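Contents: one structure, followed by commentary.
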Amino acid sequence: MTFPVNDADDSKEQTSKCWLWSVALMATIHLALGLHAAAHFSPTHDEYWHLAIGVDILKTGCFDQDTINPPLVRMLTALPTLPLIAGYRSDGIAPGDTSAYGDRLVDAATCEPVWLWFSGRCVVLGFSLAAGFVIVAWSKEVWGEQAAIVSGIFWFLNPAVLGHAALVTHDIPAAAMFAICLRCAWVFGRSPSVPRAAGIGVALGLALLTKFTAVLLVGLIPVVILIAWNGFSDGAERNRTLRQSLQLAGCAGVVAAVSCLVLNIGYLGAGLGTSLATAAPASQLLRTFADEFPACSRLPLPLPVDWVRGVDQLRIIMEHQHPVFLNQEWRFEGFRSYYLWALAYKTGHGFQLFVVIGLATGLVARSSGKAAGGTSRRCVSCCLTVVIALTTIASLGSNQLGLRYILPVFPFLVIMASASFVRISENRTACVAVCTVALLGAGWSLRHHPNHIAYFNELSGGPSGGPLHLIDSNVDWGQSLLQLAEYLEEANLQLDGLAYFGSAVPTDWGVADTPLPPELPEPGCFAVSVNFVMGRPHVVRSRERHIAIDFSQYSYFQQLQPTALIGASIYVYEVSLQDAASMRFRFGLPPLPPVP
């Protein structure tokens, strides 16, 4: 006996398998590229102490080493390093000397130090994968399987994501927690219930343990719920508004209680119930609040004291000015358009095109395939609200040191890009064509692997031209020491001077002890971090001391053509006697001393 085969069902099953395999393949590529990059980077500026302080928290159970970031990411990334260290001690470290924790961790390593950071970076890659799966699931729910493929392409094969997914920092985990938390809020809005409210509370608590930027979720969660709102599923019309209001208030209480519980568990309950007055805030904002409302400031807070102090420290940083570079101009007050330019320069042109198309088609959608037009508009409106809110708030501050500060907008930009399928989801040929274009565009943006941190798109000049527009963690975050050591060995070069931007000590990472380059042009072989070439002030550190680098101290190297670009973040110059004499004459500097 034979049974008829339903061709439509068979085709549907094949399509379902196709999108799953496509997403799995992209996630695998993301993981492989991330692991390869993680093994090639030296610790970046902030990584150097993030991982070490995580180890110290696990060893001591204290959270006051550096409160500027919550402990969750540091603790999770430190866990796999514990079998790789022996004799780690942090006693005697001066308060505020966070880089010293990194030095102690290097000294305690029982393997090559890079493998300590590699093991921690694997944890951050896990956050990035989790974010990708949430984004894919969200896109599939609203626009279907082809949209899920496109969202997977633009997250898993995104250089901005890959560059930071291979680092022990809080930026990708924060982006992941924004996606997870607001996804929970979206699901709650579509079908509210107490268990889903508890889910929001857990996600919010974990987000608050990840990065202080997550405080913004307290305002974004109600907005997303409001956009997605379908109401409670009770059939009675009488007194429905009052009943739903009471139910919603109860759910809000559940979110608040659960998130506070999770946050306090993350700090092991330390400092719970401390008042703001006892925490002795030093920032202008919190100090003013304590002075204006003394009775409120003496009330016990349902928050860990070190978390409160961390918020206070963050406010101090935000209240101070920082040198910000944009389009060959320096400002201490920052630029209101900084992050718009950063998105324009550091995202692929294909991704930009898809975001614009998705935004336009998603907002005007009537009805398409799996998603009703109303759902499509709600989802795009939700994503656009998050992007505008986070970008605007970041743009109002002066601490504009890299695109990484707005990485939490990327999940929502990716979801908007997947909305490009609103009008073509029923046309198989069009879907295949769009997916192919997206894949080619994303693949082209990965050609500079593993140097994704320094990625710039074609119109901004690529990695070599990008520093004319943006510097700091957009290009040079101290990630290329290992590549420099390898280059010097292969080229059989000995440096006459090194100006390295970062917290690690070069001699610990295979680069010979080298003095700073001269402040006036001289012949020799010099390696200079891009940030210093572009004039950024900072410090160069060794185990014994810190040396301040002034504004434009090494800007004269801009007049020379580098002989090598290491990891897109360190320039190597071989300066001839003629080059040095010519630059001195051009700038009206004293001539070179005669050669004996």
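Being a predicted model, the structure only gives us computed values, none of them experimental.
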Rounded distance (nearest 0.5 Å) linking atom [atom1] of [X] with atom [atom2] of [Y]:
| X | Y | atom1 | atom2 | value |
| --- | --- | --- | --- | --- |
| I221 | S259 | CD1 | OG | 8.0 Å |
| S128 | L162 | OG | CG | 7.0 Å |
| I393 | I406 | CD1 | CD1 | 12.0 Å |

Is [X] salt-bridged to [Y], cutoff N-O under 4.0 Å?
| X | Y | value |
| --- | --- | --- |
| R89 | D107 | no |
| R536 | D476 | no |
| D56 | R74 | no |

(request) Would you sort out whether Y345 and N327 count as a side-chain hydrogen bond (donor to acceptor under 3.5 Å, both in side chains), showing the intermediate values? (result) CA-CA 11 Å; Y345 291 143; N327 295 330; 2.7 Å; yes
[X]-[Y] side chain donor-acceptor pair, cut-off 3.5 Å:
| X | Y | result |
| --- | --- | --- |
| T278 | S275 | yes |
| H45 | H538 | yes |
| S480 | S569 | yes |
| S418 | S139 | yes |
| Y48 | D103 | yes |

(request) Report the C-alpha separation of W341 and F335 in whole Å, then their side-chain angles, then the decisive distance to 0.1 Å, and conclude whether the ring-ring contact (aromatic ring centres under 6.0 Å, His included) test is met. (result) CA-CA 10 Å; W341 283 110; F335 301 83; 10.0 Å; no
(message) Measuring only between side-chain heavy atoms, which start at C-beta, is L276 closer than 4.5 Å to P281?
(response) yes
(message) Test of understanding: with salt bridge (charged side-chain N to carboxylate O under 4.0 Å, His left out), list the residues that count as partners of K346, not counting sequence neighbours.
(response) none
(request) May I have all residue pairs that pass salt bridge (Lys or Arg N to Asp or Glu O under 4.0 Å) and include part of residues 37-52, sequence neighbours excluded? (result) D46-R404, E47-R121
(message) The test is side chain to side chain contact (heavy atoms under 4.5 Å, CB included); show your working for F332 and V324 and say whether it passes.
(response) CA-CA 6 Å; F332 277 94; V324 179; over 6 Å; no
(request) Report the C-alpha distance between F156 and F133 in whole Å, list the side-chain angles of each, state the deciding distance to 0.1 Å, and finish with yes or no for ring-ring contact (aromatic ring centres under 6.0 Å, His included). (result) CA-CA 10 Å; F156 290 124; F133 293 138; 5.8 Å; yes
(request) Assess R309 against W307: is NZ or CZ under 6.0 Å from the centre of the six-membered ring, and within 45 degrees of the ring's axis? (result) no
(message) Looking at every non-hydrogen atom in both residues, tell me the closest pair between V134 and A179 and how far apart they are.
(response) CG1-O, 3.9 Å
(request) Could you tell me which non-hydrogen atom of T210 sits nearest to which non-hydrogen atom of A174, and how far apart they are? (result) CG2-N, 3.6 Å
(request) Look only at the side chain of S473 and the backbone of L401, and say whether a donor-acceptor pair between them is shorter than 3.5 Å. (result) yes
(request) Taking atom CE of M318 as the centre, report whether more than 12 heavy atoms of other residues, nucleotides or ligands fall under 6.0 Å from it. (result) no
(request) With sequence neighbours excluded, give me every side-chain hydrogen bond (donor to acceptor under 3.5 Å, both in side chains) pair touching residues 281-306. (result) S283-D312
(request) Check step by step if ring-ring contact (aromatic ring centres under 6.0 Å, His included) holds for H50 and H170. (result) CA-CA 9 Å; H50 281 325; H170 300 255; 4.6 Å; yes
